[in-house]
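One is the number of the first residue; the rest follow in order along the sequence. In listed order, ligands and their atoms are each counted from 1.
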Amino acid sequence: MSEIETLRADFLSKIKDINNKQDLDNIKTELFGKNGKITSLFKNIGKIEADKKKDFASNLNSLKNDLLSEINKISSELEIKEINSKLKNEKIDITLPVRNYVEGKIHPVSQVIDEISSIFSEIGFSVEEGPDVENEYNNFTALNTPDNHPARDMHDTFYLNNEKELLLRTHTSPVQIRTMIKDKPPFKIIAPGRTYRSDSDQTHAPMFHQVEGLHIDKNINMAHLKGCLNYFIKEFFEVKKIKMRFRPSHFPFTEPSAEVDIGYEIKDGKIIIGEGDKWLEILGCGMVHPNVLKNVKIDTKKFQGYAFGIGIDRLAMLKYGINDLRAFFECDYRWLNHFGFDPLDVPTNYRGLSR
Ligand code: DAH
């Protein structure tokens with residue numbers, strides 16, 4: 001048998017037992033490596049007598065092609081085998097209940113944001129977002145709060161440059177502007193998110209959370225606003241009846257404006273929402289000021305609507321009996337373990353919000 005045929009036979013007998021890639025690679029190196037058997041034969045072609053050279057070279061070439069294609073074929077077969085066995089071994093039975101699941105809790109603020117989104121989505125609101133770093137125009141001017149307006153002083157703004165063009169948004173209201181610029185009416189959105197003011201004590205933190213609401217359509221009036229907030233507060237506190245009052249107030253971006261208080265009482269050291277004769281302020285609201293609508297090119301003869309802004313942290317404190325706002329942001333693992341929520345219990349209206 002010629003040298004070439006011996007190599008072929010030798011190869012065919014070796015690959016019969018191959019069952020892993022490493023062995024296959026070894027065979028490949030043995031033949032095609034720098035000093036491999038086939039490589040050496042190619043190197044020596046020059047020394048072969050002229051009349052045999054052509055046949056030898058052509059036989060050697062076909063040996064090379066045959067063996068390489070065989071090696072590639074086996075290599076991909078082995079790869080598939082490997083993947084299949086991995087899939088088999090690493091298969092997870094997703095029908096099994098989760099056991100030993102302990103680490104990680106959902107922060108009460110995130111929980112409350114999920115609850116709020118769930119409640120408003122039931123009555124047709126969708127969720128919008130805006131950036132924490134806002135421009136002065138969206139945060140104030142477009143919201144009918146011109147340069148010299150006293151409301152600007154109430155906000156203790158963190159400005160980000162000397163020109164006072166960039167700032168950390170002082171409320172979620174600029175998302176109203178972003179939404180109305182981006183699309184055409186009607187609008188029915190909420191926008192939860194972080195807000196910032198230079199303020200810090202037991203009930204104020206420099207970073208806090210609000211949720212903005214905006215409903216613009218034809219023929220929307222204050223009764224819709226009342227109905228919407230009444231529904232929201234009942235759902236949120238999971239009570240059948242709620243005591244609620246609208247107090248006249250002032251915001252530059254609404255006319256008329258109101259602040260909403262809910263009735264509560266303290267029984268055995270616990271706060272009971274919806275009963276009693278004490279009042280607690282929880283949100284600001286009103287009918288969107290025509291100037292705001294004009295700023296975003298909405299025809300005020302056709303469209304109008306209401307807006308509201310709710311302090312999320314305050315709601316979370318009330319609902320879950322947390323009395324110091326600063327604890328929210330201290331990242332104390334023990335606190336989070338106590339007040340946090342199970343990540344698998346996503347709030348939904350039909351199953352209960354705060355299970
Ligand atoms: N942006 C106000 C604040 O931070 C809250 C607010 C009041 C939002 C009335 C509104 C509104 O959309 O209509 O104090």
- Note the single closest protein heavy atom to atom 14 (O) of ligand 1, along with its residue, its atom name and the distance in Å. R197 NH2, 3.7 Å
- Specify whether H149 and H250 have parallel, tilted or perpendicular ring planes, treating 30° as the upper limit for parallel and 60° as the lower limit for perpendicular. parallel
- Query: Between E115 and K319, is there a side-chain N and carboxylate O pair less than 4.0 Å apart?
  - Reply: yes
- Query: How about D332 and L336: do any of their side-chain heavy atoms sit closer than 4.5 Å?
  - Reply: no
- Message: So if I count the atoms of ligand 1 from 1 in the order they appear, which ones are less than 4.0 Å from some heavy atom of G286?
- Response: 13 (O)
- Message: Please list, in number order, the atoms of ligand 1 under 4.0 Å from a heavy atom of Q210.
- Response: 3 (C), 4 (O)
- Message: Evaluate T195 against Q210 for side chain to side chain donor-acceptor pair (under 3.5 Å), listing each step before the verdict.
- Response: CA-CA 7 Å; T195 45; Q210 287 190 339; 4.7 Å; no
- Query: How far is atom 11 (C) of ligand 1 from its nearest protein heavy atom, and which residue and atom name does that atom have?
  - Reply: F253 CE1, 3.6 Å
- Query: What's the verdict on side chain to side chain donor-acceptor pair (under 3.5 Å) for T170 and N139, showing C-alpha distance, side-chain angles and the deciding distance?
  - Reply: CA-CA 7 Å; T170 58; N139 196 82; 2.9 Å; yes
- Item | ligand 1 contact by E259, heavy-atom criterion under 4.0 angstrom | no
- Query: Is the closest N or O pair between A307 and ligand 1 shorter than 3.5 Å?
  - Reply: yes
- Please write down residue, atom name and distance for the protein heavy atom closest to atom 5 (C) of ligand 1. G309 CA, 4.1 Å
- Message: If the cut-off is 4.0 Å to any non-hydrogen atom of T254, which atoms of ligand 1 fall inside it?
- Response: 13 (O)
- Query: Among protein heavy atoms, which sits nearest to atom 12 (O) of ligand 1, and what does the distance come to when rounded to 0.1 Å?
  - Reply: E212 OE2, 2.6 Å
- Query: Looking only at heavy atoms, what is the nearest atom pair of P290 and T300, with distance?
  - Reply: O-CG2, 3.7 Å
- Item | Sidechain-backbone polar pair: S257 side chain, F251 backbone, donor-acceptor under 3.5 Å | yes
- Query: Near F251, which atoms of ligand 1 are under 4.0 Å from a heavy atom of that residue?
  - Reply: 7 (C), 9 (C)
- Query: Which ligand 1 atoms, with their elements, are less than 4.0 angstrom from a heavy-atom of Q176?
  - Reply: 12 (O)
- Between the side chain of N44 and the main-chain N/O of K47, is any donor-acceptor distance below 3.5 Å? no
- Message: Between D147 and R152, does any side-chain N to carboxylate O distance fall below 4.0 Å?
- Response: yes
- Enumerated ligand 1 atoms positioned under 4.0 Å from heavy atoms of S173: 1 (N), 8 (C)
- Query: Can an N or O of T170 be found at a distance shorter than 3.5 Å from an N or O of ligand 1?
  - Reply: no
